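In each ligand, atom 1 is the first atom listed, and ligand 1 is the first ligand listed. This is a predicted model, so every value here is computed, not measured. Values reported hereafter were calculated over all heavy atoms of this structure, with side chains retained and with hydrogens, waters and symmetry mates removed.
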Amino acid sequence: MNAPGAVVTFAAKDFKSATKPVWCPGCGDYSVLAAITKALAMLALRPENVALVSGIGCSSRIPAYTTCYGFHGVHGRALPVATGLKAARPDLTVLVASGDGDGYSIGGNHFLHACRRNIDLTYIVMDNHVYGMTKGQPSPTTEPDWSSKLAPGGTGLREFHPLVIALASGANFIARAFSGDPNGVAALIAEAVRHPGFSFVEVLSPCVTFRPEQRGWKDAVRPAPVEPTDDPARAARRLMTDDGFNIGLLYKGSRAPYRQGDGSAQRVEDLECQFQL
Ligand SMILES: Cc1ncc(C[n+]2csc(CCOP(=O)(O)OP(=O)(O)O)c2C)c(N)n1
Ligand code: SF4
């Protein structure tokens with residue numbers, strides 16, 4: 001038993017629920033789950049003070065595997081749900097988990113406006129360049145020449161560049177991580193949570209079932225060769241020209257996060273009253 005008044009700290013394992021993940025053996029998302037729980041322990045947070053919001057996809061299953069509050073919502077809508085939650089409960093640490101299909105395709109519009117609004121959320125996108133859950137359709141980040149049974153010869157479509165788009169939309173914290181380096185992912189997530197405002201952490205997380213060649217990402221990734229910049233023009237040049245495998249914090253700006261008004265904004269309780277019949 002803890003002594004009265006003793007500060008209870010939580011280890012990474014305390015943030016893991018008893019629910020066993022159903023991901024394929026070798027899926028990168030296992031490491032991302034481990035990194036999230038490690039980051040929450042590093043931040044000395046308590047499970048009841050953290051909420052994880054997600055959409056739909058293999059990656060979006062993450063909230064169920066933690067002991068934090070969780071909301072496994074509708075495909076592509078994790079960010080608006082999380083935005084509402086954070087606006088109503090600014091005391092909670094809100095993390096949002098998504099995949100490249102969930103977050104950049106059906107949820108792409110919400111991504112732009114979350115970057116622009118700069119509400120204090122940490123957005124973790126597990127990017128495997130494919131729709132894993134629905135059996136391997138190309139996603140916005142799929143290479144144009146990736147040929148598969150569902151897209152013979154490839155889509156021929158230019159890839160979506162999430163980091164550049166985040167920068168252009170006003171995101172202030174832009175990082176890329178690799179699931180094969182869970183300590184690195186945990187450190188970046190912890191830094192993202194500490195950063196005030198919207199923080200975007202794109203995690204390259206291989207889908208070993210539909211993109212087995214992504215096992216080779218471990219040889220492709222490298223620490224970004226330069227320190228993070230706070231200059232958006234320099235960051236744009238770097239992000240436009242990198243090959244997608246530079247890992248680390250790549251851009252950190254200082255635009256003030258969105259805060260609820262100075263008292264002119266209505267309290268949630270008052271708004272609810274207006275809808276009572
Ligand atoms: C409105 C709606 N459209 C389509 C689907 C089917 N669907 C479920 S998950 C998914 C794609 C998930 O891909 P991604 O976000 O990349 O996650 P992954 O499974 O690769 O982690 C799709 C299209 C759905 N559930 N709801
Ligand atoms: S289908 Fe791909 S993304 Fe989904 S659990 Fe299996 S390896 Fe992971």
Counting only heavy atoms, which portion of Thr134 has something under 4.0 Å from ligand 1: side chain, backbone, both, or neither?
side chain
Any salt bridge linking Asp242 with Arg176? Criterion: basic side-chain nitrogen under 4.0 Å from a carboxylate oxygen.
yes
Would the distance check show the side chain of His110 and the main-chain N or O of Arg77 forming a donor-acceptor pair, the cut-off being under 3.5 Å?
no
Would you tell me which option among Met133, Arg61, His75, Gln137 has the nearest heavy-atom contact to atom 11 (C) of ligand 1?
His75
Verify whether one side chain among Arg211 and Asn128 offers a donor that lies under 3.5 Å from an acceptor in the other.
no
Pick, from Ser59, Gly101, Cys27, the option with the minimum heavy-atom distance to atom 17 (O) of ligand 1.
Ser59
Out of Tyr30, Phe210, Tyr131, Trp23, whose heavy atom sits nearest atom 1 (S) of ligand 2?
Phe210
Nearest non-hydrogen protein atom, atom 6 (Fe) of ligand 2:
Cys24 SG, 2.3 Å
Classify the side-chain pair Ser105/Tyr131 by whether it contains a donor and acceptor separated by less than 3.5 Å.
yes
Report, in ascending order of atom number, the atoms of ligand 2 lying under 4.0 Å from any heavy atom of Cys27.
3 (S), 5 (S), 7 (S), 8 (Fe)
Which part of Asn128 is near ligand 2, with near meaning a heavy atom under 4.0 Å away: side chain, backbone, both or neither?
side chain
Within the 4.0 Å heavy-atom shell around Ile56, which atoms of ligand 1 are there?
8 (C), 9 (S), 12 (C), 25 (N)
Could you name the option among Gly99, Cys58, Pro140 that has the heavy atom nearest to atom 18 (P) of ligand 1?
Cys58
Do Asp102 side-chain atoms and Gly76 backbone N/O form a donor-acceptor pair below 3.5 Å?
yes
Specify the closest pair of heavy atoms between Asp29 and Ser205, including all atoms of both residues, with the distance to one decimal.
OD1-OG, 2.7 Å
Would you check if atom 6 (Fe) of ligand 2 lies under 2.8 Å from any N, O or S atom of Cys58?
no
Can Glu227 and Lys252 be counted as an ion pair, charged N to O under 4.0 angstrom?
no
Quick check: are there more than 12 heavy atoms from other residues, nucleotides or ligands sitting under 6.0 Å from CZ of Arg255?
yes
Measure the distance from atom 13 (O) of ligand 1 to every protein heavy atom, then report the residue, atom name and distance (to 0.1 Å) of the closest one.
Tyr131 CA, 3.6 Å
Between Ile106 and ligand 1, which residue portion shows a heavy-atom distance shorter than 4.0 Å: side chain, backbone, both, or neither?
side chain
Checking a contact table here: which protein heavy atom is nearest atom 15 (O) of ligand 1, and how many Å away?
Asp102 N, 2.7 Å
